[in-house]
Each structure stands twice: as C-alpha cells, then as structure tokens.
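Contents: one structure, followed by commentary.
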Amino acid sequence: MHLYQSNEIKIYNSLTGQKEIFKPINAGHVGMYVCGPTVYSNVHLGNVRTFMSFDMVFRYLKHLGYKVRYVRNITDAGHLENDADVGEDKITKKARLEQIEPMEVVQRYTVDFHNILNTLNFLPPSIEPTATGHIIEQIELIRTIVENGFAYVVNGSVYFDVHKFNESHAYGKLSKRKLEDLIHNTRALDGQSDKKNPQDFALWKKAEPQHIMRWPSPWSDGFPGWHLECTAMSTKYLGEQFDIHGGGMDLKFPHHECEIAQNEAAKGKSPVNYWMHANMLELNGQRMSKTTGNTVNPHELLSGENAFFSKAFAPGVIRFFSAQSSYRSILDLTDAGLLASEKGFNKLMEGMRLLQSVGTANTSSFDVSSWQQRCYDAMNDDFNTPILIATLFEAVKYLNQIKEGSASITAKDLQVLKTTMHAFVYDVLGLEATSEASTNANNDKLASAVNILIELRQDARINKDFALSDKIRDELAEAGIQLKDSKDGTTFSLS
RNA sequence: GGCGUCGUGGCCGAGUGGCUUAGGCACAGGUCUGCAAAACCUGCUACAGCGGUUCGAUUCCGCUCGACGCCUCCA
C-alpha cells in the first residue's frame, strides 16, 4: 500500500485554468519535466525559486511513493538573444565577450548552478540532459515536422510555420492567445528576416561563418532553436505524452506554447497532461532586473554581501521563506520578510528538537491523526506549502505546551508526530538546520570553551556579582553567542 | 492596445458563500529571571471602491481604480 493510493492530489493546470485531480498516465509512476537554466551567467534567483517549487513537488510525489522520473535540462546552446531571427546565441555572446570557448562558459555556469542548488539542499533530478547532447534527436524532430508540412527551409535555416499549423491546430491554447491578435500586436521586423511570418520561430539556424557552436545537419551547419530542445529531451526520456511539465510563468509564452506546437506537429499529440507555472520573484516590490540594478544573485543572498539585506541568510531560511507563499503567487523578497522567516524557521527547528526530548503520558490532549491528515490535505491541494507550514506550527505549539506541562501525548502519538514532522519538514520541504550543521565541526571545542564561561558566570551570579555575570553575557552576545537561561540551566546558541 | 494574474489586518502571506481559527513577523499584557535576553502563554485587527445575485459575500457576477506578468533582451 503506497501513500499515493490514499492521497488524491489536485494540481492547478495552467492549460485549463483549474485545479484537476492528478491521474498519472502509468499508475504509480510520474514523468515530470522542468525547463532548466540557460547557463550563460550565474543562475537567476527567480529561477532558483521556480526550481525550488518543483523540488518540493518532486519531493512530495516521492514521499507518496510514486516512482518519479524528473527531467530538468541544461540549455547550453540555441537560446537566442531575441526571437527576431537576427539574434545571437546567449552562450556564444558571452564567450565572445569573455574571449573564451563557449563550452567554458557552459562549464563555469553549470558548476555554479549545481553548487547553488546543492547549498540550498535540492534533490538532483533523475536526468539532467543538455541541448548539445541531443542534437541528433533535435534534427530528427525537425525532419519529421518538415515532412508533416509544418516547417519550411530558407537559406539553410528551418522555421516552424505557425500559420499553417494554426489551420489545423490551436496555436495559443496554453497562453490563451489567438493568432490573429498576435499578428496585430507583433512588432514589424526591420529588415532581413527569412521568416514568412513574424510569428514563426526557428527550429534550426544556419550558423554564420564566425559562429563556433555549430553542427552539421541536412539543411546547413548550424544550431538548433531554443524551443526545440525541450521537446526533444522531454519526449525522449518521458515519452510522447507525459504527466507534468513545469517552468516559470515567463516561459508560458512563447516557449511552452511552441513546445506544444512542435509536439503536435511532429507526433500529433499534445505532450503534457498537467502544465504547472511558478510565479515571479520580486525584489522590494519590483521585478528583478540586471539593467536597473534591482537584482541579487544567490551567492550574494547567502553570503550577505549585497546592498539589499541586513545580513546573510541560511539556506533553510530561504527555503522556508519560499515555502511560506504559494508557488502560484508572486513572491516579494524583502529584508523584513527574510528576517521574519528566519525567526519562524528557528521556531520550527526548535520544535523539531523538542520532538526528541518531550515526555509522554497515558493520554493525548491533541488529535494527532487528524492533524497528520491535515498535513497531507494541504500538500494534496496543489502543493499548498503555506497551509502545510501553518499546520506544522500547530504541532510546534502543541509540543511547547507539552513541555510546559499544559498538554500531554501518548508514546504512540508521539511516534506518529515525530514521523510526520520529519517527513514534511525534512523530506518534503527539504528544510535542514544547515546553519548548525555547518558549524558542527567546530562545535565541540567551542562548546567546551563557552561552557567554562557559563560556569564562571553562574558562580558570579551565585555571589551576586552581577556586573561580572552581565559582562560575560554581553560580550559573548557581541561575539555572536547568545546565552539562554532557563530553569534547567544555561544553554547557548550561535546567531 | 491584446491576453493573463491579482488587490486580505502594522508587515509578509493562506483560505472560504454563513459555521471554529489560517500561519509567521511585529505589537501589548503575563509566566520565567537578580535584571535582561531567549523561550512559552494570552490578546489584537482584515478582506481596494461602487453596484448586482443571495435569506446572507471578503468569497459569485459587473463596473471603476490600482498593481504585476507576457506580448521585444532581462528567469
């Protein structure tokens, strides 16, 4: 008996605009594809939020016992500066600017991307394919689309014929656009486009002589179009139709719209059953933008070396902050918000510690099994992590009451509580007390030193030498060590 | 201009046609303490505006105002 058999998930499907009961194509198995980063610079923090949302989706599906194949690609070629057919490949441009090989650019930022995700406690996807590793598949796909009459060749480049496609299919059904509206609203191209219509998009681009990233094809030496890689790689590893496709809201049009068109043109099938789109991340109420300087990269957020935030924030705090809002809402990153999340996160982690130390009784004054069900209900409702967190805090409050003696729990219920808290806090939300884990190596020596000071202070307090005891307390505080007095003695924590 | 999303208490941020409350932070009072801090307990307030549907709307519908995203590079 797997958990997924008793937990019916509802997913908000961007394609239909409503929450739908999730039914995987193959019972017990889930195929999920998420558009990964274009590795031409440090990964965008907003992109990290998107991946974090899907990391939690991945984790929950796994927790329920699904066998999940999670594919998240690396775009290392083909993402043009613009779609107007005259743009430069982003990787190539960066390589030219830095005077290094394109693959050096790719390597550098792929490593950076993985570092950030590891630091933030992401689970690696099942497969992480690259665009350049699937040139053959992409060429085959183009060939099929051309044969089916939905693409045309001009001067060695191949373009998808959106108008032709729209005669027999619905181009724009995901983003709720009509082709005629697009025609009226597309800016006229200035100059030498090979496209029949501005709405057409490149499947294959002939490379200019100086272009380093190039592969042979039936049409020219060139490189594949950006939209094509996701179609090639998703269907290669997940099948012509698969369960979940995710990505940032900004990719809905044109990227995902083009994916649907490509797959329908090539295979005659709409590729995805459930489209999920994560909303944008803002910084202080404004969109992040490199051009206006209103941007922070993940390193700067983690290190505190930036102009926006008062301190460094631990990975767990960032995850907690993200999970406190729904993946479908715009999330505004602010100093006050992060500070509030830090306190909340610490409170939750304190609750996790209480699980180990709290005493049991003959009766429980709290309905643990209905609480447990509400945790599942929250996640089953379109992965509602804010509700899950609110429910987890009910348990924290309960644990504190047990500690204070105003509530009680049986050993059996405590076991359920412990298992469930661990499952949701660690496995599903991916939270870890990383700030402590990272200092553990030094903790033993530090602890013995601080404990000596605590003893000295205790002696001073017994002697009513409060000047000395306060001096020890205050100077430790300045050094980032906070003493906590309680009935059972004094402990400390690092701030 | 087109398409889409949204407007919740001091702040962030869920949710719902009435029933019992989101939750976190902040704030106030209390417990504890030599005093603090920390921790804990208790309290606190809301649904942009105007109409409509309804026995009843923050929740549904319409309009107004405002914010944001995509439509052109920025995730």
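Bear in mind that the values here come from a model prediction, so they are computed numbers and not experimental data. Numbered from 1 within each chain, the chains take letters A, B, ... in sequence-line order. Heavy-atom basis, side chains included; hydrogens, waters and symmetry copies ignored.
Atom C1' of B:U8 sits at a distance of 10 Å from the matching atom of B:A14, rounded to the whole Å. Taking atom C1' in both B:G10 and B:A46, the straight-line distance is 12 Å, to the nearest Å. When the C1' atom is used for both B:A36 and B:C44, the distance is 26 Å, rounded to whole Å. If you take atom C1' in B:G24 and the same atom in B:A67, they sit 24 Å apart, rounded to whole Å. For the C1' atom pair drawn from B:G69 and B:C11, the interatomic distance equals 24 Å after rounding to whole Å. For B:G56 and B:G66, the C1' atoms lie 29 Å apart once the distance is rounded to whole Å. Atom name P, nucleotides B:U59 and B:A48: the rounded distance is 7 Å, in whole Å. Distance check on atom P: B:U53 versus B:G7 gives 24 Å, rounded to whole Å.
Distances shown here put every side-chain N or O of A:Y327 at or beyond 4.0 Å from the OP1 or OP2 atom of B:G13. Phosphate proximity of B:A14 to A:R374: absent, as no side-chain N or O sits under 4.0 Å from OP1 or OP2.
Counting to the nearest Å, the C1' atom of B:C74 and the CG atom of A:L283 are 14 Å from each other. One can place CG of A:D382 at 13 Å from C1' of B:G15, the figure rounded to the nearest angstrom. Counting to the nearest Å, the P atom of B:A75 and the NZ atom of A:K90 are 6 Å from each other. Going from atom CG of A:L251 over to atom C1' of B:G69 covers 12 Å, rounded to whole Å. The distance from atom CD of A:Q286 to atom C1' of B:G69 is 14 Å, rounded to the nearest whole Å. Nucleotide B:A38 holds its C1' atom 13 Å from the CD1 atom of A:I454, rounded to whole Å. B:C12 atom P lies 14 Å from atom CG of A:D335, rounded to whole Å. Between the C1' atom of B:C12 and the CZ atom of A:F321 lies a distance of 8 Å, rounded to the nearest Å.
Applying the 6.0 Å contact sphere to CD of A:E8 captures no more than 12 heavy atoms from other residues, nucleotides or ligands.
Under a 3.5 Å cut-off, the side chain of A:D76 and the backbone N or O of A:A131 do form a donor-acceptor pair. Of the possible donor and acceptor atoms, none in the side chain of A:R59 sits under 3.5 Å from a partner among the backbone N and O of A:L429. Within the 3.5 Å criterion, the main-chain N or O of A:G172 finds a donor-acceptor partner in the side chain of A:E257.
Within the 4.5 Å cutoff, side-chain heavy atoms of A:V296 are placed close to those of A:L45. At a threshold of 4.5 Å between non-hydrogen side-chain atoms, the residues A:F160 and A:H227 do not count as touching. A 4.5 Å side-chain heavy-atom check between A:I387 and A:D381 finds every atom pair outside the cut-off. Annotation: side chain of A:D485 is in contact with side chain of A:R461 (closest heavy-atom distance under 4.5 Å). Put simply, the side chain of A:L281 does not reach to within 4.5 Å of the side chain of A:H44, judged on heavy atoms. For the pair A:F113 and A:L117, the minimum side-chain heavy-atom distance is below 4.5 Å.
Where A:R473 and A:T334 meet RNA chain B, the nucleotide closest to each residue was compared, and A:T334 sits on the side nearer the 5' end.
In this structure, the ring of A:F313 has its center no less than 6.0 angstrom from the ring center of A:F345. For A:F51 and A:F122, the ring centers are positioned 6.0 Å apart or more. Centroid-to-centroid, the aromatic rings of A:F424 and A:H63 come within less than 6.0 Å.
Relative to the side chain of A:M280, the nucleotides B:G34, B:A38, B:G69 differ in distance, and B:G69 lies closest. With B:A75, B:C35, B:A37 as the choices, the nucleotide that has an atom nearest any side-chain atom of A:D470 turns out to be B:C35. When distances run from any side-chain atom of A:L331 to the nucleotides B:C70, B:G13, B:A75, the shortest one goes to B:G13. Out of B:G34, B:A14, B:G69, the shortest distance to the side chain of A:R287 is found at B:G69.
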Would you tabulate the pairs of protein nitrogen or oxygen atoms and nucleotide nitrogen or oxygen atoms of nucleotides 21-27 of chain B closer than 3.5 angstrom?
from, atom 1, to, atom 2, distance (Å)
B:A26, OP1, A:K343, NZ, 2.5

Dump every N/O contact between nucleotides 3-7 of chain B and the protein below 3.5 Å, one line per pair.
from, atom 1, to, atom 2, distance (Å)
B:C3, O2', A:S175, O, 3.2
B:C3, O2', A:K176, O, 2.9

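Shown here are the side-chain contact (heavy atoms from CB on, under 4.5 Å) partners of A:T363, two or more places apart in sequence or in another chain: A:S408. Under the salt bridge (Lys or Arg N to Asp or Glu O under 4.0 Å) criterion, A:D459 pairs with no residue at all, not counting sequence neighbours.
Among the duplex regions that RNA chain B forms, those built from at least three successive Watson-Crick or G-U pairs under 3.5 Å are B:1-7 with B:65-71, B:10-12 with B:23-25, B:27-31 with B:39-43, B:48-52 with B:60-64, ordered by first number.
Nearest heavy-atom pair, A:E300 versus A:N306, reported as atom, atom and distance to 0.1 Å: O-ND2, 2.8 Å.
Contact annotation for A:T295: no contact, since no heavy-atom pair falls under 4.0 Å across all strands. Here A:E350 lies out of heavy-atom contact (under 4.0 Å) with every strand.
Residues from residues 398-406 of chain A with heavy atoms under 4.0 angstrom of RNA chain B, sorted by number: A:N400, A:K403, A:E404.
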